[in-house]
Amino acid sequence: MTAMIDQASQLRSLIRQQRRPRASVIAITSGKGGVGKSNVAVNLSIKLASAGKNVVLLDADLGLANADVLCNIDLPFNLSHVIARKKELHEVMVTGPGGFKLIGGASGLARMADLTDFDRRRIVEALGAVEYSADNIIIDTGAGISPNVLSFTRAADQVLVVTTPEPTAITDAYAVIKVISKDRADRHVSLLVNQVRSASEAKLVHERVAKVAKNFLGVNVLDAGHMVMDDHVRRAVLRRVPFLLASPKCAASFCVTQLAMRFEQGIIPSADGGFFNRMGKWFKK
Ligand SMILES: Nc1ncnc2c1ncn2[C@@H]1O[C@H](COP(=O)(O)OP(=O)(O)OP(=O)(O)O)[C@@H](O)[C@H]1O
Ligand SMILES: [Mg+2]
């Protein structure tokens with residue numbers, strides 16, 4: 001009997017040792033819409049996948065989902081089928097260009113704001129199931145501070161806020177940082193400045209936001225870098241081929257490579273506990 005117990009405990013510790021580390025979860029969000037989140041999410045997913053990572057991209061902008069459009073993928077099923085318990089998550093995941101796995105949002109479904117706690121819990125439960133089979137889970141949250149967007153930013157290890165240098169986008173980015181940071185124990189978010197003419201233009205935007213956020217919110221806004229304004233992006237969107245694949249040597253592709261490297265090096269220290277655990281805590285509030 002004692003030998004059997006010893007064997008069982010040895011087996012358990014072997015399984016624990018073999019268990020791969022859980023995925024790092026990055027939520028990509030913004031205050032103002034149309035600043036480039038989905039393009040960053042799709043191309044960052046492709047870049048990380050090309051580096052051999054197992055990447056899952058969740059298009060969480062339900063109702064306005066468009067990662068599938070950017071990638072020219074026909075999705076027979078999407079998250080709405082998972083929520084409705086008609087499909088399991090692995091059944092709605094499709095392989096995107098460059099090898100990442102896409103979980104399509106549910107265009108035509110009620111807006112994220114209309115989802116119930118129960119629906120959100122279904123999404124989280126389903127994501128919890130892929131946490132240990134992926135290296136990175138990237139969530140395109142959609143814009144704004146709806147409860148649904150916040151549920152994903154709360155649960156993510158890293159929140160990447162995207163802005164452009166326009167004053168309206170910066171003001172909205174700050175508003176989002178203010179709300180997001182309230183319930184992030186690590187008091188960290190990172191900022192990517194998109195559609196800039198130069199790295200120095202982005203630096204100025206970052207410095208301004210970081211200074212105000214530090215002084216008034218006590219929040220560290222880390223510098224995730226920049227993406228230049230590059231017409232290859234618009235042209236790739238029109239062709240429905242992600243720019244990293246359509247024009248791998250363009251300036252925007254170079255910026256995505258830099259962003260991927262920053263994430264690999266870990267601009268933000270990882271939080272403890274799994275996605276599901278952190279999300280679960282929020283639901284218990
Ligand atoms: N670096 C860039 N250079 C040039 N154009 C860009 C760049 N980034 C984004 N764009 C343009 O902005 C448009 C909107 O980008 P995208 O759909 O990624 O934004 P979004 O933040 O996901 O929008 P939404 O809030 O509606 O989900 C693109 O179709 C493209 O034309
Ligand atoms: Mg989008």
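We count ligands from 1, going down the list as the structure has it; atoms in each ligand are counted the same way.
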Query raised in the report: Is the count of non-hydrogen atoms from other residues, nucleotides or ligands lying under 6.0 Å from Arg197 atom CZ greater than 12?
Result: no
Requested in this report: Measure the shortest side-chain to side-chain distance between Glu201 and Val193 over non-hydrogen atoms and say whether it is less than 4.5 angstrom.
Outcome: no
Query raised in the report: Hey, what do you get for NZ (Lys47) to CZ (Phe263), rounding to the nearest 0.5 Å?
Result: 15.0 Å
Query raised in the report: Quick one: are Leu89 and Leu79 in side-chain contact, heavy atoms under 4.5 Å?
Result: yes
Query raised in the report: Near Val228, which atoms of ligand 1 are under 4.0 Å from a heavy atom of that residue?
Result: 1 (N), 2 (C), 3 (N)
Query raised in the report: What protein heavy atom sits nearest atom 10 (N) of ligand 1, and how far away is it?
Result: Gln195 NE2, 3.5 Å
Query raised in the report: Should Asp231 be counted as touching ligand 1, given the test is an N or O pair under 3.5 Å?
Result: no
Report summary line: Ignoring waters, protein N/O/S atoms under 2.8 Å from the Mg ion (ligand 2) are Ser38 OG
Query raised in the report: Are any of the side-chain heavy atoms of Asn194 and Val35 separated by less than 4.5 Å?
Result: no
Requested in this report: Tell me which protein heavy atom sits closest to atom 27 (O) of ligand 1, plus the residue, atom name and distance to 0.1 Å.
Outcome: Asp61 OD2, 3.6 Å
Query raised in the report: What protein heavy atom sits nearest atom 6 (C) of ligand 1, and how far off is it?
Result: Val233 CG1, 3.6 Å
Query raised in the report: For ligand 1, is Gly34 a contact, meaning one of its heavy atoms is under 4.0 Å away?
Result: yes
Requested in this report: Look only at interatomic distance and state if Lys37 has a nitrogen or oxygen under 3.5 Å from any nitrogen or oxygen of ligand 1.
Outcome: yes
**Report entry** Test item: Val176 and Lys32 side chains (from C-beta on) under 4.5 Å apart, heavy atoms
**Finding:** no
Query raised in the report: Counting from 1, what ligand 1 atoms have a heavy atom of Ser38 closer than 4.0 Å?
Result: 18 (O), 20 (P), 22 (O)
Requested in this report: Could you walk me through whether Ser38 and Asp140 pass side chain to side chain donor-acceptor pair (under 3.5 Å), step by step?
Outcome: CA-CA 6 Å; Ser38 299; Asp140 182 358; 2.6 Å; yes
Report task. Compute the minimum heavy-atom distance from Asp140 to ligand 1 and say whether it is under 4.0 Å. Result -> no
Report summary line: Given the options Val189, Ile145, Val149, Thr29 meets side chain to side chain contact (heavy atoms under 4.5 Å, CB included) only with Val149
Report summary line: Minimal heavy-atom distance between Ala224 and Leu259, with the atoms involved, is O-CD1, 3.5 Å
Requested in this report: For atom CG of Asn215, decide whether the heavy atoms of other residues, nucleotides or ligands shown that lie under 6.0 angstrom number more than 12.
Outcome: yes
Query raised in the report: Which ligand 1 atoms does Gly33 reach within 4.0 Å, using its non-hydrogen atoms?
Result: 25 (O)
Query raised in the report: Quick one: does Asn39 get an N or O within less than 3.5 Å of an N or O on ligand 1?
Result: yes
Requested in this report: Kindly indicate whether the side chain of Asn220, heavy atoms from C-beta on, has any atom under 4.5 Å from the side chain of Lys214.
Outcome: yes
Query raised in the report: When you measure from atom 4 (C) of ligand 1 to every protein heavy atom, which one gives the shortest distance, and what is it?
Result: Asp230 O, 3.2 Å
**Report entry** Any N/O pair Met229/ligand 1 closer than 3.5 Å
**Finding:** no
Query - Flag side-chain contact, heavy atom, 4.5 Å: Val219 against Arg184 - result: no
Report task. Using a strict 4.0 Å cut-off to heavy atoms of Arg234, name the atoms of ligand 1 that fall inside it. Result -> 31 (O)
Query - Heavy atoms of other groups near Arg235 CZ, more than 12 under 6.0 Å - result: yes
Query raised in the report: With a 4.5 Å heavy-atom cut-off, do Leu70 and Val237 have their side chains touching?
Result: yes
Query raised in the report: Among protein heavy atoms, which sits nearest to atom 8 (N) of ligand 1, and what does the distance come to when rounded to 0.1 Å?
Result: Asn194 ND2, 3.0 Å
**Report entry** Of the listed options Ala143, Ser30, Gly36, closest to atom 19 (O) of ligand 1 (non-hydrogen atoms)
**Finding:** Gly36
